[in-house]
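What follows is a set of notes on a single structure, which appears directly below.
All of these numbers come straight from a predicted model, not from anything done at the bench. Labels below follow one simple rule: chain letters A, B, ... track the order of the sequence lines, proteins then strands, and each chain is numbered from 1.
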2 protein chains.
Amino acid sequence: MNTNTSPLTQKLSAFVALAEAELAVLEQLHQRRRTFEAGRDLVHQGQSEQAAYILAAGWVVSYKLQPDGSRQIVDFQIPGDFLGLRSVLLHTSDHGIEPIVDIEAAEVLVSDLLQAFAETPRLATAILWAVSRDEAMVVEHLVGLGRRDADARMAHFLLELGVRLSLVGMGSKKGYACPLTQYHLADALGLSAIHVNRVLRKLREDELVTFRDGFVTFNNYEGLVKLADFDPAYLDQKRPILA
Amino acid sequence: MNTNTSPLTQKLSAFVALAEAELAVLEQLHQRRRTFEAGRDLVHQGQSEQAAYILAAGWVVSYKLQPDGSRQIVDFQIPGDFLGLRSVLLHTSDHGIEPIVDIEAAEVLVSDLLQAFAETPRLATAILWAVSRDEAMVVEHLVGLGRRDADARMAHFLLELGVRLSLVGMGSKKGYACPLTQYHLADALGLSAIHVNRVLRKLREDELVTFRDGFVTFNNYEGLVKLADFDPAYLDQKRPILA
DNA sequence: CGAGTCTTTGAAAACACTCAAGGTAGGTGG
DNA sequence: CCACCTACCTTGAGTGTTTTCAAAGACTCG
């Protein structure tokens with residue numbers, strides 16, 4: 001029926017064999033399509049929130065503003081990821097959500113989601129897995145900020161993004177298209193934009209990875225993995241989830 | 001019936017008015033009491049896990065080991081907190097869990113939890129809130145590592161812990177008992193133990209807070225809040241959660 | 001072509017780290 | 001009861017990574 005699968009479906013299908021009925025429910029969640037403009041916040045920090053979204057196309061950044069004006073990026077969302085799910089559940093938003101490019105997203109009401117769960121428990125399992133994976137990524141990010149130097153941090157970040165994009169058909173071990181600026185990288189990795197530039201230059205000169213003109217190109221994947229101590233286990237879990 | 005309320009009950013009661021029946025179900029979850037020895041891991045990194053726990057007494061640390069031998073502490077758990085809930089849901093553990101002192105914890109089977117939810121939906125809401133709060137704390141921790149200097153990081157950490165402990169009756173704006181060593185602080189805050197020592201000395205000399213002999217004493221609470229830019233909104237949410 | 005955004009580089013300064021060493025307190029065994 | 005051990009805390013000196021400040025080059029878009 002649906003030959004044109006959504007990124008979320010692609011991602012979940014990689015880990016849970018979903019039946020036809022489940023796929024149908026999943027696609028139904030993508031009904032209310034909306035588009036949002038780059039740079040205009042979906043959710044402001046402190047605002048109490050109404051709806052969650054499934055990102056269909058484009059890149060989004062979740063960030064937290066500091067009183068001193070600096071910002072820390074908590075995570076980036078790519079197609080197939082949820083937006084603002086926690087904000088909805090908590091009825092409050094402790095962080096901002098901003099599209100990096102023009103995006104397309106499906107609005108999901110909590111009621112729809114709960115109903116989908118009731119109809120197809122396996123789908124609930126799959127989504128629970130996705131949410132838990134998001135949490136694992138935040139933890140990994142935290143470890144990077146606390147215990148990796150700037151080079152390893154950058155390498156790890158670019159590798160993780162590569163794996164995530166591969167799961168939705170937007171990347172490979174060769175590289176991927178990437179609309180992020182060096183300022184984005186700086187705010188995500190807890191570095192200054194200037195230092196990001198130096199680190200990127202070093203990685204490029206060492207022929208490990210090239211970040212340029214909106215493209216990330218892996219020149220030496222294995223070398224980069226070694227530099228970053230990158231273990232993708234938390235991303236592309238092989239064993240079955242729950243029952 | 002229950003005059004002797006558990007820390008978890010105390011914590012949840014602060015934010016959701018729970019009926020007698022709900023309180024009873026909550027206390028029932030505390031049946032299978034177990035004790036664990038300080039320093040002996042409950043869960044090893046990489047191990048796939050069986051049970052979750054509700055911590056009743058003592059302190060626990062969740063950490064992630066790096067290939068280079070260093071470790072990053074993701075969070076500390078105090079009475080009333082869940083242990084290993086995500087590990088159970090994901091059927092895998094990406095981090096270790098170690099008691100800092102001898103602890104007492106109630107084993108909770110996933111089936112029990114799900115049944116409790118079915119019986120008392122409001123309880124599910126309350127626990128969902130607790131889990132989401134844990135996530136918010138990890139995010140706040142991440143922001144600290146990325147965008148706060150060592151002094152502010154330490155100040156923020158000690159303040160957050162104070163608020164958390166207050167919710168279970170183990171602390172106040174005066175201070176609290178704290179079994180952590182400077183090595184724990186170092187691994188949590190992404191600093192070297194030596195630097196932690198210097199930072200603590202500075203905070204003590206500035207008469208802001210004193211960390212000594214297992215006690216944290218706030219000498220100037222407001223000053224510390226200002227230094228850390230501490231906003232406890234994410235911890236002691238006032239508005240009602242969900243319906 | 002002018003404005004804005006993003007990238008690149010240099011120089012100096014600040015922050016946090018490593019190495020090295022000593023001090024304290026509590027526990028253990030002779 | 002003392003010597004020793006271990007774990008934790010404290011301090012100094014020197015080093016190195018990352019930052020800030022300053023400035024300029026490249027690109028895109030209207």
Side-chain angles (χ1 to χ4, degrees), chain A residues 37-40 59 61 66 68-73 98-102 144-155 157 177-205 209-217 227, chain B residues 37-40 59 61 66 68-73 98-102 144-155 157 177-205 209-217 227:
Chain A
E37 217 178 300
R40 173 158 286 167
W59 293 54
V61 56
Q66 292 296 101
D68 71 358
S70 66
R71 81 170 177 178
Q72 174 64 47
I73 288 177
E98 177 191 310
I100 292 171
V101 296
D102 289 354
L145 288 174
R147 287 290 180 231
R148 276 194 270 267
D149 66 20
D151 295 3
R153 217 131 100 201
M154 179 68 74
F157 174 80
C178 172
L180 304 181
T181 69
Q182 296 187 358
Y183 288 94
H184 284 123
L185 296 178
D187 285 345
L189 302 177
L191 302 169
S192 66
I194 291 163
H195 199 57
V196 162
N197 185 274
R198 288 190 234 278
V199 169
L200 288 175
R201 169 159 51 122
K202 181 149 175 290
L203 293 177
R204 192 187 328 124
E205 284 171 359
V209 63
T210 306
F211 179 98
R212 180 166 270 176
D213 300 326
F215 283 90
V216 174
T217 311
L227 171 66
Chain B
E37 215 178 300
R40 173 159 286 167
W59 293 54
V61 56
Q66 292 295 99
D68 71 357
S70 66
R71 82 170 175 176
Q72 175 65 46
I73 288 177
E98 177 191 308
I100 291 172
V101 296
D102 290 353
L145 288 174
R147 286 291 179 229
R148 277 193 269 266
D149 66 20
D151 295 3
R153 217 131 99 199
M154 179 68 74
F157 175 79
C178 172
L180 303 180
T181 69
Q182 295 187 356
Y183 289 91
H184 284 124
L185 295 178
D187 285 344
L189 303 178
L191 302 169
S192 68
I194 293 167
H195 199 57
V196 163
N197 185 275
R198 288 190 234 277
V199 170
L200 288 175
R201 169 159 50 122
K202 181 149 177 290
L203 293 178
R204 194 187 326 124
E205 286 171 358
V209 63
T210 307
F211 179 98
R212 180 166 270 176
D213 301 325
F215 282 89
V216 174
T217 311
L227 171 66

Note, A:Leu180 side chain near A:Phe157 side chain (heavy atom, < 4.5 Å): yes
Boundaries of the chain A footprint along DNA chain C (any atom under 4.0 Å from a heavy atom): C:dC6 to C:dA11
A:Ala188 backbone acceptor or donor facing A:Arg71 side chain under 3.5 Å: no
Results of side-chain hydrogen bond (donor to acceptor under 3.5 Å, both in side chains) for A:Thr210 - residues two or more places apart only: A:Asn219
Partner set under side-chain hydrogen bond (donor to acceptor under 3.5 Å, both in side chains) for B:His184, not counting sequence neighbours: B:Thr181
All side-chain hydrogen bond (donor to acceptor under 3.5 Å, both in side chains) counterparts of A:Asp68, not counting sequence neighbours: A:Ser70
Terminal axis angle for the helix from C:dC1-D:dG30 to C:dG30-D:dC1, five pairs an end, nearest 10 degrees: 40°
Minimum side-chain heavy-atom gap B:Leu200-B:Leu185 below 4.5 Å: yes
Heavy-atom pair with the smallest gap, counting every atom of A:Gln182 and A:Ala193: OE1-O, 4.3 Å
Per-nucleotide protein contact string for nucleotides 7-18 of chain D, where B marks a base within reach and S marks sugar-phosphate only (heavy atoms under 4.0 Å, - for neither): -SSBBBB----S
Note, B:Gln72 side chain near B:Leu145 side chain (heavy atom, < 4.5 Å): yes
Stepwise side-chain contact (heavy atoms from CB on, under 4.5 Å) check, A:Asp187 with A:Val61: CA-CA 11 Å; A:Asp187 285 345; A:Val61 56; over 6 Å; no
N/O donor-acceptor pair under 3.5 Å between B:Asp102 side chain and B:Ala38 backbone: yes
